[in-house]
Amino acid sequence: MAVRPILIAPDPRLKAVSATVQKVDAEIRKLAEDMADSMYAADGIGLAAVQIGVPKRVIVMDLDQKDDKKNWRAFINPKILWASEEMAIFEEGCLSVPEIWDDVERPARIKAEYLDLNGKRVEIEADGMLATCLQHEMDHLEGVLFIDHFSRLKRSMAIKKLTKAKKLAS
Ligand code: K2U
Ligand code: ZN
């Protein structure tokens, strides 16, 4: 059990492109467990390793949290194999971008592959919140935050608000 601090934007470490995991071993499994602990501690439903300062292509998600039942899963080296032309809009937030919520448009349905914690290749089809959250987390693996999808003006206002909040917190 290890809750690790979550990086808050603006932070150059969140812009890193995360490295492919070469071997799903005990170290990666411990990283995923720490990520899950950190995600639950922050009341999140998803988290990318780069958000706790580890630029490796590892994501954890738990979209089914009900009365404290934990049912997280890890997505290692995820790849999108297909994305629908149809788009969907969801209001997104991010544990690394506090107090900012806004609509982001993304492909409504995706087909993706990833490795599970046993190193086994898994292929899924996703829509709804799973599709949105997985795409949001996969953006993190490329150093992209959901506010980077905003218009120039809206993004600069978000960065200004985050910078001010960080100064007040320090
Ligand atoms: O990277 C993240 O922090 C993941 C988001 C999950 C999410 C992605 C896309 C759309 C909605 C949610 C967080 O785990 S959950 C959102 C959140 C943000 C701030 C505070 C609490 C929860
Ligand atoms: Zn995020």
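All residue numbers in this chain count up from 1 along the given sequence. Quick caveat, the model's predicted, so the values are computed rather than measured. One-based numbering, in listed order, for ligands and for the atoms of each.
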Exercise. Which of the numbered atoms in ligand 1 are below 4.0 angstrom from a heavy atom of Gly44?
Worked result: 14 (O), 15 (S)
Exercise. Considering distance alone, does some N or O of Glu137 sit under 3.5 Å from an N or O of ligand 1?
Worked result: yes
Exercise. In the single-linkage hydrophobic clustering (I, L, V, M, F, W, Y; side-chain heavy atoms under 4.5 Å), do Tyr114 and Met138 co-cluster?
Worked result: yes
Exercise. Taking N or O atoms only and a 3.5 Å limit, does Gly93 qualify as a polar contact for ligand 1?
Worked result: no
Exercise. Closest non-hydrogen protein atom to atom 10 (C) of ligand 1, residue and atom name please, with distance?
Worked result: Glu92 CG, 3.6 Å
Exercise. Which heavy atom of the protein is the closest neighbour of atom 18 (C) of ligand 1, given with residue, atom name and distance?
Worked result: Cys94 N, 3.4 Å
Exercise. So, for Cys94 and Gln51, which heavy atoms are closest and what is the spacing to 0.1 Å?
Worked result: SG-NE2, 3.7 Å
Exercise. Among protein heavy atoms, which sits nearest to atom 16 (C) of ligand 1, and what does the distance come to when rounded to 0.1 Å?
Worked result: Trp101 CH2, 3.6 Å
Seminar exercise, completed: closest protein heavy atom to atom 3 (O) of ligand 1 is Leu95 N, 2.7 Å
Exercise. Between the main-chain N or O of Ile28 and the side-chain N or O of Asp25, is there a donor-acceptor pair closer than 3.5 Å?
Worked result: yes
Problem set entry | Single-linkage hydrophobic cluster Leu14~Val144, side-chain heavy atoms < 4.5 angstrom | no
Exercise. Does an N or O from Gly46, backbone or side chain, lie closer than 3.5 Å to an N or O of ligand 1?
Worked result: yes
For this session: Of all the heavy-atom pairs spanning Leu130 and Arg73, show the shortest one and how long it is.
Result: CD2-NH2, 3.7 Å
For this session: Identify whether Ile59 and Met39 are in the same connected component of the hydrophobic contact network (ILVMFWY, side-chain heavy atoms under 4.5 Å).
Result: no
For this session: Report yes or no: does Asp116 contribute a side-chain atom to a donor-acceptor pair with the main-chain N or O of Asn118 at less than 3.5 Å?
Result: yes
For this session: Would you mind telling me which of Asp62, Leu63, Val60 makes a side chain to side chain contact (heavy atoms under 4.5 Å, CB included) with Ile45?
Result: Leu63
Exercise. Is there a heavy atom of Phe146 sitting under 4.0 angstrom from any atom of ligand 1?
Worked result: no
Exercise. Is there a heavy atom in Gln51 that sits closer than 4.0 Å to ligand 1?
Worked result: yes
Exercise. So, does Ile45 sit close enough to ligand 1 that a heavy atom of it is under 4.0 Å from the ligand?
Worked result: yes
Exercise. Going by the atom numbers of ligand 1, which of them fall below 4.0 Å from some non-hydrogen atom of His140?
Worked result: 1 (O)
Exercise. For the hydrophobic clusters of this structure (ILVMFWY residues joined by side-chain heavy atoms under 4.5 Å, transitively), does one cluster hold both Val104 and Met129?
Worked result: no
Exercise. What is the closest protein heavy atom to atom 22 (C) of ligand 1, and at what distance does it sit?
Worked result: Asp43 O, 3.6 Å
Exercise. Just distances here: any N/O of His136 and N/O of ligand 1 closer than 3.5 Å?
Worked result: yes
For this session: Check Tyr40 against ligand 1 and report side chain, backbone, both or neither, counting heavy atoms closer than 4.0 Å.
Result: neither
Seminar exercise, completed: Correct closest heavy-atom pair for Lys166 and Ile8 would be NZ-O, 2.9 Å
